[in-house]
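Just so it is clear, the structure is predicted and the values come from calculations on it, not from any experiment. Here is how names work: the chains are called A, B, and so on, in the same order as the sequence lines, proteins then strands, and each is numbered from 1.
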Number of protein chains: 2
Amino acid sequence: MGRKAANRRIGITDVAQHAGVSLATVSRVMNGNLSVDPDIAARVRAAATELNYHPDAVGRSLALGKTDTIGVVVPDLANPTFQAMLRGVSRAAAQDGYRVLIADSSEVSSEEAILAGEARRRCDGIVLCAPRMVDAELDALIPSLHPMVLINRNTEAPGTPSLLVDYGQGIQALAVHLTGLGHSRIAFLSGPPRSASNGLRLQGLEKFRANHPGIELTVLPGGSSFEAGHESVDGILASGATGVLAFNDLVAMGLLSGLHERGVRVPQDISVTGFDDIPFAEYTTPPLTTAAVPITEVGEQAWHRMRDLLGDGASENLRTTFQPDLQQRGSSGPAPA
Amino acid sequence: MGRKAANRRIGITDVAQHAGVSLATVSRVMNGNLSVDPDIAARVRAAATELNYHPDAVGRSLALGKTDTIGVVVPDLANPTFQAMLRGVSRAAAQDGYRVLIADSSEVSSEEAILAGEARRRCDGIVLCAPRMVDAELDALIPSLHPMVLINRNTEAPGTPSLLVDYGQGIQALAVHLTGLGHSRIAFLSGPPRSASNGLRLQGLEKFRANHPGIELTVLPGGSSFEAGHESVDGILASGATGVLAFNDLVAMGLLSGLHERGVRVPQDISVTGFDDIPFAEYTTPPLTTAAVPITEVGEQAWHRMRDLLGDGASENLRTTFQPDLQQRGSSGPAPA
DNA sequence: AAGGAGTGAGAAAACGTTTTCTGAAAACGT
DNA sequence: ACGTTTTCAGAAAACGTTTTCTCACTCCTT
């Protein structure tokens with residue numbers, strides 16, 4: 001029993017042979033090229049379905065020079081924000097027949113560049129979300145990764161669109177919201193030191209400080225996780241603040257949980273705000289006042305920019321800024337008397 | 001200014017030319033083949049770095065017949081459970097140098113088969129998570145998708161490992177937990193009708209019924225989302241049940257929220273349990289009693305099975321069952337007197 | 001010193017497509 | 001009816017690698 005081509009994956013050659021035509025013709029038929037005789041086309045199609053032929057994507061990619069796939073680099077697949085962004089990109093890309101390759105750097109910032117490079121080699125483009133990467137490294141990376149779309153990072157390099165969330169405005173809105181409720185001692189539970197968006201929040205808070213000289217604003221070290229918020233309870237209480245701006249919703253939720261354990265009432269004793277408006281922010285107890293970031297839409301737009309890049313080779317919208325939207329809920333209330 | 005090969009992507013040919021050797025030699029050097037003269041190897045490496053050469057993944061894939069990529073089909077990228085599973089697969093695969101391609105069917109069950117097929121053509125294998133797909137379609141799909149690993153689906157087909165969560169056992173444990181607290185009227189807020197895991201839960205509850213004749217157990221229509229839980233409040237209250245087994249944590253959270261709005265106290269008036277133990281289950285108010293499913297680990301194991309398949313071509317562990325672990329928290333308490 | 005084994009590099013085939021180029025036949029105009 | 005254009009299918013090149021095969025050379029053995 002010679003195993004000659006016994007169960008080899010069937011290719012375009014088999015179809016051609018079976019239909020009695022050449023490879024070229026099969027290819028033309030499969031790609032809907034009109035310039036082929038209807039009879040022959042039908043014969044080819046019949047052969048294709050009979051043999052259950054499906055063109056090999058790799059061979060196709062090689063010939064076409066495109067993979068119909070883009071890579072998305074995220075710092076942490078466990079973070080709801082990046083999950084939502086990824087979902088936005090994935091679904092929008094799927095609409096246009098593109099697929100998404102995940103590159104999860106697992107918070108290991110040093111791996112991001114390599115990861116992105118590897119992904120780029122398999123894909124037609126990269127959506128890069130690397131909040132902790134230092135500017136110099138980012139700028140050095142850009143040429144080798146093009147076409148690329150940046151999330152929450154800015155660059156002077158031409159041809160690289162970036163989608164930005166105005167964290168500065170958002171945090172100011174939250175701070176103003178708290179002062180409007182009578183809070184005069186406010187604490188900012190900050191995020192990871194090298195995070196770009198944390199920097200934007202700090203800048204926003206500087207502006208807030210300038211505009212509200214009477215308000216005492218202290219900045220406390222924190223983090224970006226639930227645990228970071230949970231562990232910050234002591235620091236918050238020690239600060240004497242009656243209003244707390246948490247770096248994001250996860251931190252705020254951790255803080256809520258910690259305060260609850262201590263018997264501190266929210267918002268009667270302390271008001272807490274988050275940031276992002278992740279799906280669960282609405283359902284904490286009390287529901288979390290936060291600045292809603294349309295992150296899924298950011299993901300969708302990231303794809304649209306990428307699509308522009310892949311088409312014309314240029315996108316007219318190089319910088320898009322999204323404004324967070326204040327969501328006033330139960331976790332913030334009047335300052336205690 | 002002739003644009004002759006001006007800024008073409010530099011390939012192995014360029015390196016070979018630059019180093020004064022043949023393509024074959026460059027390939028050998030790049031792949032760490034020892035049988036090449038150290039001097040020449042050094043020269044090649046120098047040329048490669050000088051030209052900033054990186055081998056093209058597509059060409060490589062074509063020659064090697066592998067893509068170092070697997071596809072993961074998920075029904076809904078917005079669901080924390082599938083997110084966690086995806087994360088497990090992605091990270092475990094990354095450890096072995098493999099990448100993950102997302103295929104999000106967005107709950108459109110009819111698309112799953114096509115989606116999986118398309119993904120399969122670009123990848124070395126498929127991890128399929130399709131709880132709603134009918135058995136017949138699944139069985140028909142298996143041969144064309146192999147190598148494949150199934151999540152929460154069973155099959156008689158040989159060579160296709162499946163990872164199962166014992167939802168029947170988990171729901172029984174929760175039901176027993178409630179009866180232990182004195183609840184004699186229990187409601188099961190069921191999931192999507194055609195969901196496989198919902199079927200397993202129902203089977204488990206039949207066993208429970210057999211073992212606990214005195215307990216009144218009613219099954220109510222529901223769903224799998226937060227909203228489904230939220231909208232079921234009336235039905236739950238009308239049923240007169242004092243203990244509610246929600247299909248999953250999302251539903252339970254929606255229910256908690258709805259009950260809270262109605263002023264119904266949990267667990268004093270009604271006990272509520274979830275399923276899955278998603279990251280936020282611990283932080284609801286009250287914290288959710290649930291059956292913890294090690295879903296990230298399921299994802300990891302899915303990769304390990306896939307790795308087996310990709311290696312030997314066979315995996316010895318064809319069926320692995322994971323037992324949910326009862327997490328007793330604040331949302332369940334003694335039945336009202 | 002001659003022959004055989006071993007070493008290492010290049011030529012070329014292979015992977016599975018698409019597409020350009022070529023050429024034959026058909027359609028058309030006069 | 002002849003020449004010109006058009007239509008359409010096949011041969012072959014191209015995409016960028018890996019790998020087999022071949023062959024020249026060196027080194028060792030006798």
Side-chain angles (χ1 to χ4, degrees), chain A residues 4-5 7-45 47-48 51-69 97 117-118 120-124, chain B residues 4-5 7-45 47-48 51-69 97 117-118 120-124:
Chain A
K4 51 177 298 190
N7 50 359
R8 235 187 59 262
R9 185 172 154 36
I10 67 124
I12 201 174
T13 318
D14 305 281
V15 179
Q17 199 169 324
H18 196 269
V21 297
S22 74
L23 310 185
T25 303
V26 177
S27 175
R28 283 190 270 257
V29 173
M30 299 306 291
N31 294 315
N33 190 325
L34 288 316
S35 77
V36 57
D37 186 277
D39 289 356
I40 298 186
R43 209 165 72 228
V44 169
R45 257 186 285 272
L51 296 179
N52 192 25
Y53 166 73
H54 292 284
D56 178 83
V58 177
R60 204 150 191 285
S61 289
L62 187 61
L64 257 33
K66 56 187 288 230
T67 62
D68 289 358
T69 302
E118 280 190 351
R120 177 63 185 84
R121 253 162 267 141
R122 313 190 110 69
C123 298
D124 299 341
Chain B
K4 51 176 297 190
N7 50 358
R8 235 187 59 262
R9 186 173 151 41
I10 67 123
I12 200 174
T13 318
D14 305 281
V15 179
Q17 200 169 325
H18 196 270
V21 297
S22 75
L23 310 184
T25 303
V26 177
S27 175
R28 283 191 271 258
V29 172
M30 298 307 290
N31 294 315
N33 190 323
L34 290 315
S35 77
V36 57
D37 186 279
D39 290 355
I40 297 185
R43 208 165 72 228
V44 169
R45 257 186 286 272
L51 296 178
N52 192 26
Y53 166 73
H54 291 284
D56 177 84
V58 177
R60 205 150 190 284
S61 289
L62 187 61
L64 256 34
K66 55 186 288 229
T67 61
D68 288 0
T69 303
E118 280 189 351
R120 176 63 184 84
R121 252 162 269 141
R122 317 189 106 69
C123 298
D124 299 341

Exercise. What's the CD1-C1' distance between A:Ile40 and C:dA25, to the nearest Å?
Worked result: 13 Å
For this session: Establish, with yes or no, whether the OP1 or OP2 oxygen of C:dG16 is under 4.0 angstrom from a side-chain nitrogen or oxygen of A:Arg9.
Result: no
Seminar exercise, completed: Closest heavy-atom pair, A:Asp124 versus A:Asp68, reported as atoms and distance to 0.1 Å, is OD2-N, 2.8 Å
Exercise. Can you check whether B:Ser22 has a side-chain N or O nearer than 4.0 Å to OP1 or OP2 of C:dA9?
Worked result: no
For this session: With DNA chain C as reference, determine whether B:Pro38 or B:Leu62 sits nearer its 5' end, using the nearest nucleotide of each.
Result: B:Pro38
Exercise. When rounded to the nearest 0.5 angstrom, what distance separates CG in B:Leu51 from CD1 in B:Ile10?
Worked result: 5.0 Å
Exercise. Within this structure, what is the CG-to-C1' distance between B:Asp37 and C:dT7, rounded to whole angstrom?
Worked result: 10 Å
Exercise. Out of C:dG8, C:dT17, D:dT17, which has the shortest distance to the side chain of A:Leu23?
Worked result: C:dT17
Exercise. C:dG10 phosphate, OP1 or OP2: any side-chain N/O from B:Thr25 under 4.0 angstrom?
Worked result: yes
For this session: Find the partner of D:dC25: check Watson-Crick (N1-N3 plus N6-O4 or O6-N4) and G-U wobble (N1-O2, O6-N3) distances, both under 3.5 Å, and reply none if neither fits.
Result: C:dG6
Exercise. Taking the side chain of B:Val21 as its heavy atoms from C-beta onward, which of C:dG8, D:dA9, C:dG10 lies nearest to it?
Worked result: C:dG10
Problem set entry | Options D:dT17, C:dT19, C:dG10, nucleotide nearest the side-chain atoms of B:Ala24 | C:dG10
Problem set entry | Whole-Å distance separating the CG atom of B:Asn31 from the P atom of D:dG16 | 17 Å
Exercise. Between atom CD1 in A:Ile10 and atom C1' in C:dG16, what is the gap in whole Å?
Worked result: 12 Å
Seminar exercise, completed: Winner on side-chain proximity to B:Ala63, out of C:dT18, D:dT18, D:dG10, is D:dT18
Problem set entry | Main-chain N/O of B:Asn31 paired with B:Arg28 side-chain donor or acceptor, under 3.5 Å | no
Exercise. Rounded to whole angstroms, how far apart are CZ on B:Arg60 and P on C:dT17?
Worked result: 21 Å
Exercise. Can you tell which of C:dA9, D:dT17, D:dG10 lies closest to the side chain of B:Val36?
Worked result: C:dA9
For this session: For C:dT19, take OP1 and OP2 only and decide whether either is under 4.0 Å from a side-chain N or O of A:Arg28.
Result: no
For this session: Could you check which nucleotide pairs with C:dG29 in any of the strands shown, counting Watson-Crick or G-U wobble with both distances under 3.5 Å?
Result: D:dC2
Exercise. Counting distance only, does the side-chain N/O of A:Arg122 pair as donor-acceptor with the main-chain N or O of B:Thr69 below 3.5 Å?
Worked result: no
Exercise. Any donor-acceptor pair under 3.5 Å joining the side chain of B:Arg121 to the base of C:dG16?
Worked result: no
Exercise. Which atom pair, heavy atoms only, marks the closest approach of A:Ala47 to A:Ala19?
Worked result: CB-CB, 3.8 Å
